[in-house]
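To start, the structure under review is shown below, and the notes come after it.
The sequence lines fix the lettering, A, B, ..., with proteins before strands; numbering per chain opens at 1.
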Number of protein chains: 2
Amino acid sequence: MTDQSTNTEKIILEAARKVFIEKGKEGARMQEIADEAGINKALLHYYFRNKQRLFEAVFLEAFEKFLPQLKIVIESDKPFLEVIQLFIENYINVIIENPYLPGFILHELSSNPENLALLLQQRVNNMDILVDKINVEIQQGKIKPIDPRQIIINILGLCIFPFVARPIIQKVFFSGDELSYQQFLSDRKTEVYHFIYNSIKA
Amino acid sequence: MTDQSTNTEKIILEAARKVFIEKGKEGARMQEIADEAGINKALLHYYFRNKQRLFEAVFLEAFEKFLPQLKIVIESDKPFLEVIQLFIENYINVIIENPYLPGFILHELSSNPENLALLLQQRVNNMDILVDKINVEIQQGKIKPIDPRQIIINILGLCIFPFVARPIIQKVFFSGDELSYQQFLSDRKTEVYHFIYNSIKA
DNA sequence: GTCTATATTGTGATAGAC
DNA sequence: GTCTATCACAATATAGAC
């Protein structure tokens, strides 16, 4: 593999990422990806054989962007409320850097549950550990007796939803203004934590 | 307009709804919609001229399914915490009946912000009233001093997120089991309220 | 209104020169 | 490795008979 080939491959992946994430797998056009990369369609097939494989490369890469933060929470030994304070800030920061990734991932998982869900289960299979840890803290009287799954989903939902619903939120609450919407997202890093804290602290 | 024509139109719309919501606008095929409706492609064009118009009919109808509940909250005179208790239950019930609608709407709004957002702004333009009402209750010391927009988005996010992320949640937390996932959703009607209550009650 | 047949365009993919 | 040219087929849309 020459330097040039790895370079071209990266350029293609970056272009594919942009187009797939913006338009979705079905909405994306190979031609548009080629244009975005400044090359022609034939090269896309030379490097990735077909649209499906190119999509899978983009999708997996996108999905894995969100796993490291989760791993930290699952593997940490610190008290839950302490861990998630950091998690929420980091997680929202990651999403601010990649605001369209959550919507992209969720949509593709919804319209393609068959082949994808199998693969991904392997990568998020230790959630039990976190559930157990929350249960222990409930036993210890540190956290209110709430189904840990509800807690986890609440945290993720509060972090992710503002980005998935971006167009409508930005229109309705910020008259389409970009800056005040960004400020709102930034504020959320502490807001979400306080929300969670007040609702689950025993 | 004869009885037959209104009937056929309804059949087409129902088929289109199913296919568009499952596959998205780009992923949907006119042929599949025709098959689903038990007719042929030509009739689709006879009734709706082209794919774009058929899609718009489905999309608007879908979007408006979620407006009545919101209107009730906005126009009610009762205390906020009282109103949203009913809202959350009703809203989650509506989504349980139409579990793929939120993901469909959010995805189409994201990949088509231009033409759609304009139309929809008109239909959700009185959110200010709700913001003002929350602010009054904050002044009265009934609710913690939190940006009302954060509160509203939290409520919507907690209701909607479990459905948008359905495939992954069902796999990770319920091993793909349908019944326990449904139970989880049903429990959420009270869980989400308690969550909100604890986090914003002064 | 509904159908079959066909036109027309879009789009993923390949062949072959350089 | 990269390009141009082209194929093959999928998908939207229309024409015209009934």
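If you take CD of A:Glu26 and C1' of D:dT12, they are 15 Å apart, rounded to a whole angstrom. The nearest whole Å value for the distance from the NZ atom in A:Lys25 to the C1' atom in C:dG12 is 13 Å. Regarding A:Phe48, its CZ atom lies at a distance of 14 Å from the C1' atom of D:dG1, rounded to whole Å. Between A:Leu44 atom CG and C:dG12 atom C1' there is a gap of 11 Å when expressed in whole angstrom units. Nucleotide C:dG12 holds its C1' atom 11 Å from the CD atom of A:Gln31, rounded to whole Å. Rounded to whole Å, atom P of D:dA13 lies 11 Å from atom CD1 of B:Ile33. Per the geometry, CG belonging to B:Asp35 stands 13 Å off C1' belonging to D:dA11, to the nearest Å. Rounded to whole angstrom, the span from the CZ atom of A:Phe55 across to the P atom of C:dG12 amounts to 14 Å.
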I'd like a table of donor-acceptor pairs (distance under 3.5 Å, sequence neighbours excluded) in which one partner is a side-chain atom from residues 194-202 of chain B, with atom names and distances.
residue  : atom : partner  : partner atom : Å
B:His194 : ND1  : B:Thr190 : O            : 3.3
B:Asn198 : ND2  : B:His194 : O            : 3.2
B:Ser199 : OG   : B:Phe195 : O            : 3.0
B:Ser199 : OG   : B:Ile196 : O            : 2.9

Exercise answer: donor-acceptor pairs, residues 39-49 of chain A side-chain atoms, under 3.5 Å, sequence neighbours excluded:
residue : atom : partner : partner atom : Å
A:Asn40 : OD1  : A:Ala42 : N            : 3.4
A:Asn40 : OD1  : A:Leu43 : N            : 3.3
A:His45 : ND1  : A:Lys41 : O            : 3.3

Without placing hydrogens or testing angles, list every side-chain donor-acceptor pair under 3.5 Å for residues 159-169 of chain B, not counting sequence neighbours.
residue  : atom : partner  : partner atom : Å
B:Arg166 : NE   : B:Gln170 : OE1          : 3.2
B:Arg166 : NH2  : B:Glu178 : OE1          : 3.0
B:Arg166 : NH2  : B:Glu178 : OE2          : 2.9

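Residue pairs satisfying the ring pair (Phe, Tyr, Trp, His ring centres under 6.0 Å) criterion with at least one member in residues 3-25 of chain B, sequence neighbours excluded, are listed as follows: B:Phe20-B:Phe55.
For B:Phe66, the ring-ring contact (aromatic ring centres under 6.0 Å, His included) criterion is met by B:Tyr91, not counting sequence neighbours.
Here A:Ala28 lies in heavy-atom contact (under 4.0 Å) with sugar-phosphate atoms only.
For the atom pair CG (A:Leu130) and CD (A:Glu75), the distance works out to 11.0 Å, reported to the nearest 0.5 Å.
Under 3.5 Å, the side chains of B:Arg149 and B:Asn154 contain no donor-acceptor pair of N or O atoms.
Residue B:Arg29 places no side-chain N or O under 4.0 Å from the OP1 or OP2 atom of D:dA10. Proximity of A:Asn40 to the phosphate of D:dC3: a side-chain N or O atom is located under 4.0 Å from OP1 or OP2. For B:Tyr46 and D:dA13, the shortest distance from a side-chain N or O to OP1 or OP2 is not below 4.0 Å. Between D:dG1 and A:Thr8, no contact under 4.0 Å exists linking OP1 or OP2 to a side-chain N or O.
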Can you pull every protein N or O that's under 3.5 Å from an N or O on nucleotides 13-16 of chain C?
residue : atom : partner : partner atom : Å
C:dA13  : OP2  : A:His45 : NE2          : 3.4
C:dA13  : OP2  : A:Lys51 : N            : 2.7
C:dA13  : N6   : A:Lys41 : NZ           : 3.3

